[in-house]
Amino acid sequence: MKTRLKQGQKVQGAEIICECLLRAGVTVIFGYPGGANIPIYDALYKYPELRHILVRHEQGAAHAAEGYAWATGRPGVCFATSGPGATNLITGLADAMLDSIPMVCITGQVPSPLLGSDAFQEADILGMTLPVTKHNYLVTRADDIADVFAEAFYLAVAGRPGPVLIDITKDAQVDYAEFRYKENRDRLKKRLKLEATEEEIGQISSLLNEALRPLIVAGHGILLSGDGKTLLSVAEKQDIPVTLTQLGLSAIPHDHRLFMGMPGMHGNVAANRAPLETDVLLAVGMRFHDRVTSKVSAYAPQAKIIHIDIDPSEIGKNVMPHLGVVGDAKAVLGQLLPKLKSRKNPGWLKKFEAWKSEEQKKVFTRELLSPKLKSAQVIDEIARQTGFQATIVADVGQNQMYAARYYQYRKYNTHFTSGGLGTMGFALPAGMGAKLGDPGREVWIVIGDGGIQMTLQELATIVQEKTEVKIALLNNNYLGMVRQWQELFYKGNYSEVKLKNPNFQKLCEGFGISSLKAENLKETKEAINIARKSQGPFLIEFTVEAEENVFPMIPAGAGIGEMVVSLEELSKK
């Protein structure tokens, strides 16, 4: 991208901001203008290379930036003004922090003489975002802008990625300074340990070479390292079964013979049973989240656990490993591969086939052959019509679990969702951001009737930007996941989960979005076909069974060995 400013040129701080964005490779910004950042927008007017997406709410800007980052691997960028504009970003920042999504958020702030005076639209955004950002800055001088931006964009992606916030006072935006841009990466790179030591590789290879029942549990770190092929090569060399956490889904093709599903609260039978029988568990780029392990003391107590993670603070934080190795997943697995002995393990793999068969009989067949329209059938049909190649951006709740369990991802990095924070409303703006970041993707947003009403104002943004996303609205007129828990564990007391929804077709008509409604499997197949052939955004409302439940499931506080595969099993307990 062609730069505008020369080193030493004297310009306003706002123009330095735009120039720094160019030099960081930014092409798309999601934002909302206001009094405290209006000088930035004035400078932005001169930079047509920077495409600005005018969202309808700052939370939408943050989630759209997340989707953009998921799709491109580059930091998503968003703008907000001071006070309420900045505070509206916090949910998105917290979401990105927990899921390791690189973002750079730029907020305007009141003039520096007014800091701490409770001025109009002043908020201590630095203090508020300290726990939910990888780093944050308060810039009060135009001279400091270039150095801060160079560092911020590096920090967002270096090591474990995450969100960085830059708060810039209005006077720093309008004051003049000499443009001096340099990257300080060499100093920062020295802080990172990306490779394992020879001793560590020797220990890992020795454990795996001697293992009788090895298991791999891989997470989002595999996708962030940019390499699922090396993981698969390691697995194939020793016939090691692979399970992928929710955020790791699509790291390897789901139709591969060694893929054994997703572990966790609503994970697959094989993926949850295996940790209790493995003797060596290789955990790569995952953080032993409670939704994966359930009761920690009951998680793989018999196994020697090897934990590889780029963030040293994660080693031993939740589960104490036999061997903890700090390093980048791709780099460490690349070091490990030549040290492994080639072998087959048919006896161990046979157990997984039995577990898969059990789930097929008790869960998949029942769901997919149901006479009433089920969410599983909708996701399965989208998968088949898209050839398992689309990017699915899933919201939170039952719809999220169905998207994770039934799509069968066969293309690398095609499953995006809110994992750690579990943010309802994430999918609509995030799907928009993913499509704008990588227009060549076929993007399907999977969302529930509760979640879509959290951020539905971004439908206007989608229309304004002519963003060709397809929206699968799974409507059961309930807050489905909460209702399921109330049915199963709270004596069926459906407290505040019934939704009186709007007419979604008329709502779409008001926004200018084409839509259809499907109430059975035949209509579902036809609607998906029509949506895929249509240009522009398209929403399909699927009227699914009101009281459907996601199984298997692990009750709260239980261990993975207490997984309930079907409703009949739960009723017997």
Side-chain angles (χ1 to χ4, degrees), residues 28-33 51-68 78 80 85 88 91-92 378 382 390-397 399 403 416 418 423-437 439 441-477 479 499-519 523-524 526-544:
V28 178
I29 300 159
F30 304 92
Y32 207 95
R51 182 183 179 186
H52 182 273
I53 309 299
L54 179 62
V55 297
R56 298 307 188 260
H57 190 284
E58 291 87 355
Q59 182 180 343
H63 293 323
E66 288 185 272
Y68 178 95
C78 55
N88 282 342
T91 296
V378 174
I382 292 173
T391 294
I392 303 297
V393 184
D395 207 66
V396 171
N399 62 89
F416 309 162
S418 171
T423 306
M424 288 179 66
F426 165 88
L428 197 65
M432 173 182 71
K435 183 67 175 181
L436 290 169
R441 291 175 183 259
E442 179 177 354
V443 175
W444 278 82
I445 294 166
V446 175
I447 196 165
D449 46 320
I452 197 171
Q453 293 181 78
M454 295 257 183
T455 53
L456 62 76
Q457 65 271 17
E458 299 310 330
L459 290 172
T461 313
I462 288 169
V463 171
Q464 183 168 329
E465 297 298 329
K466 301 180 176 65
T467 313
E468 193 165 326
V469 292
K470 310 307 177 185
I471 304 165
L473 170 59
L474 304 178
N475 185 6
N476 57 10
N477 291 108
L479 298 176
L499 293 172
K500 175 67 173 73
N501 288 320
N503 182 318
F504 287 108
Q505 277 64 59
K506 288 187 177 179
L507 192 68
C508 286
E509 183 182 349
F511 279 111
I513 291 180
S514 299
S515 72
L516 285 171
K517 187 172 185 176
E519 297 183 328
E523 292 174 356
T524 291
E526 292 170 351
I528 293 169
N529 183 44
I530 292 169
R532 294 190 70 230
K533 289 179 179 178
S534 301
Q535 291 189 338
F538 201 106
L539 183 145
I540 310 172
E541 178 189 357
F542 299 97
T543 305
V544 295

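Just the heavy atoms: all of them, side chains too, but no hydrogens, waters or symmetry mates, feed the values below.
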Over all heavy atoms of both residues, which pair between A403 and V446 is shortest? Give the atoms and the distance, please. CB-CG1, 4.3 Å
Partner set under ring pair (Phe, Tyr, Trp, His ring centres under 6.0 Å) for Y68, not counting sequence neighbours: none
Distance col, row F542:CZ vs T524:OG1, nearest 0.5 angstrom, shows 5.0 Å
OH/Y32: more than 12 non-hydrogen atoms of other groups inside 6.0 Å: no
Within the structure provided, determine whether F30 and E66 are in side-chain contact (heavy-atom separation under 4.5 Å). no
Single hit among V469, I528, I471 for side chain to side chain contact (heavy atoms under 4.5 Å, CB included) with W444: I528
By side-chain hydrogen bond (donor to acceptor under 3.5 Å, both in side chains), E526 pairs with (sequence neighbours left out) K522
With rounding to the nearest 0.5 angstrom, report the CD1 to CD distance, I540 to E523. 11.5 Å
Close side-chain approach of K517 and Q505, heavy atoms under 4.5 Å: yes
So, for A434 and F416, which heavy atoms are closest and what is the spacing to 0.1 Å? CB-CE1, 3.7 Å
Spacing of CZ belonging to F426 relative to CD1 belonging to I445, to within rounding of 0.5 Å: 10.0 Å
Do K466 side-chain atoms and G536 backbone N/O form a donor-acceptor pair below 3.5 Å? no
Side-chain heavy atoms of I462 within contact of F511, under 4.5 Å: no
Roughly how far, to the nearest 0.5 Å, is CD of Q464 from CG of L459? 13.0 Å
Audit row: E465, R51, salt bridge (charged side-chain N to carboxylate O under 4.0 Å, His left out) steps and yes/no: CA-CA 11 Å; E465 297 298 329; R51 182 183 179 186; 2.9 Å; yes
Of all heavy-atom pairs between P429 and H63, which one has the smallest distance, and what is that distance? CG-CB, 3.6 Å
What distance do L456 atom CG and R56 atom CZ have between them, rounded to the nearest 0.5 Å? 12.5 Å
Report the residues that fulfil ring pair (Phe, Tyr, Trp, His ring centres under 6.0 Å) with H57, sequence neighbours left out, ordered by chain and then residue number. none
Is the backbone N or O of N477 less than 3.5 Å from a side-chain atom of D449, with the two atoms forming a donor-acceptor pair by type? yes
Side-chain touch D395/I452, heavy atoms, less than 4.5 angstrom: no
Is there a side chain to side chain contact (heavy atoms under 4.5 Å, CB included) between Q453 and F504 once you walk through the steps? CA-CA 10 Å; Q453 293 181 78; F504 287 108; 4.2 Å; yes
If I take atom NZ from residue K470 and atom OG from residue S514, how far apart are they, to the nearest 0.5 angstrom? 8.5 Å
Q59 side chain to G92 main-chain N or O, any donor-acceptor pair under 3.5 Å? no
Nearest heavy-atom approach of A62 to C78 is CA-SG, 4.2 Å
For the side-chain hydrogen bond (donor to acceptor under 3.5 Å, both in side chains) test, which of N399, N501, T543 pairs with N475? N501
